[in-house]
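Heads up: the structure comes next, in structure tokens.
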Amino acid sequence: MIAMPVIDQGKCDGCGLCINVCRGDAVAMVGRTVAAVETGNCDWCTDCEAVCRTGAISCSYEIIG
Amino acid sequence: MAVQIESLKSIPYFSGLNPAELEAIRKYVFEKTAARDEVILLEGDTSDALYFVVSGVVKVFKTSAEGKEQIIRIVRPGESFNDVSVFDGAPNPTSAQAMGPVVISGITRNDLQNVLRDYPQVALNVNKVLAGQVRELMALVEDLSFKHVVNRVAKILLENAGNGAGSPPRLTQREMAAMAGTAREIIGRSLKALEQAHAIRLDRNRIMITDRETLREMAMMAPQARGRARPVGSAAGTTRDEGQQL
């Protein structure tokens with residue numbers, strides 16, 4: 001399963017800025033908050049995390065030594 | 001495109017104005033759209049309008065002669081950009097690009113001067129907005145000038161790298177920024193610098209340490225087995241100046 005941005009539904013205010021900037025349609029509004037959608041087009045640009053003002057989106061990196 | 005009063009209300013420039021005043025200002029404000037990646041303002045060009053984001057996100061950035069980009073601000077709905085040029089009339093100090101489809105509103109320099117003359121509250125608001133932007137920029141200058149962020153990011157990666165057993169540790173750019181005491185915008189650039197130095201490789205959501213010794217040098221940590229740590233960049237493909245700028 002491909003890794004996807006993690007969205008904290010409790011923090012998401014549903015502003016939709018992440019949907020606006022996502023090139024891969026990998027985030028979508030589900031009800032009043034946003035959810036990650038596994039489209040296969042997420043290139044981990046992390047723009048969704050960058051624009052999120054509530055800190056609801058986490059695009060974490062595995063650090064492999 | 002007609003500008004809605006509701007959209008003006010959310011703009012800090014126009015806060016504290018009553019509905020009649022907002023209605024009067026509305027006639028000066030125009031609205032337009034920009035497609036994803038569309039460059040709205042180009043650094044060095046002249047423009048005579050102040051812009052506000054209505055929906056979507058705009059990134060404001062500077063580009064070096066080598067093509068490196070440094071994001072200065074991410075502008076979200078209600079926030080303004082091109083404030084400096086509209087007040088001093090000089091060329092744009094930065095470029096602005098739509099990160100997705102955006103709707104922006106704007107007001108020309110001449111019209112803004114009319115508004116400032118007629119509504120002193122707007123002038124007070126402008127002071128506050130510009131002071132906030134100066135504060136943000138001072139923090140960025142501090143990060144870029146005095147903090148050796150790339151060194152600290154190198155150290156963070158070394159200290160948080162998994163050894164292949166179990167689930168590898170995970171960190172977001174925001175978390176790395178908090179750990180390094182810097183802005184998130186600086187972390188992406190630091191990771192690229194480390195990649196260019198062949199110390200790490202970025203593979204989608206993985207950061208793979210490809211040369212631990214180079215990474216230790218960039219972290220200014222003592223080498224594990226041999227020799228003494230060299231200054232940042234001495235063997236890592238970056239100059240000391242580049243290390244300092246990050």
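Note that these values count all heavy atoms, side chains included, but never hydrogens, waters or copies made by symmetry. Just so it is clear: chains get the letters A, B, ... in the order the sequence lines come, proteins before strands, and each one is counted from 1. Because the structure is a prediction, the values reported are computed rather than measured.
- Side chain of A:Arg23 to main chain of B:Gly100: no donor-acceptor pair is present (N/O by atom type, distance under 3.5 Å, no hydrogens or angles).
- Here CZ of A:Arg53 is found 12.0 Å from CD1 of B:Ile74. Values are rounded to the nearest 0.5 Å.
- Distance check, rounded to the nearest 0.5 Å: OH of A:Tyr61 to CG of B:Asn160 gives 15.0 Å.
- With chain A as partner, the option from B:Thr172, B:Asn205, B:Leu158 having the largest number of non-hydrogen pairs under 4.5 angstrom is B:Asn205.
- The choice from B:Arg204, B:Met99, B:Arg170 that makes the most heavy-atom pairs within less than 4.5 Å of chain A is B:Arg204.
- Most heavy-atom pairs under 4.5 Å with chain A, from the set B:Met208, B:Gln173, B:Lys59, B:Arg184: that is B:Arg184.
- Nearest heavy-atom pair across B:Leu157 and A:Ile63 is O-CG2, 3.7 Å.
- Within the 3.5 Å criterion, the main-chain N or O of A:Ile64 finds no donor-acceptor partner in the side chain of B:Arg206.
- Within a 6.0 Å radius of NZ in B:Lys128, other residues, nucleotides and ligands contribute 12 heavy atoms or fewer.
- Heavy-atom proximity under 4.5 angstrom to chain B picks out A:Cys42, A:Asp43, A:Trp44, A:Thr46, A:Asp47 from residues 29-48 of chain A.
- No donor-acceptor pair closer than 3.5 Å links the side chain of B:Arg174 to the backbone N or O of A:Ser58.
- Contact of B:Asp203 with chain A is not made at all, since no heavy-atom distance falls under 4.5 Å.
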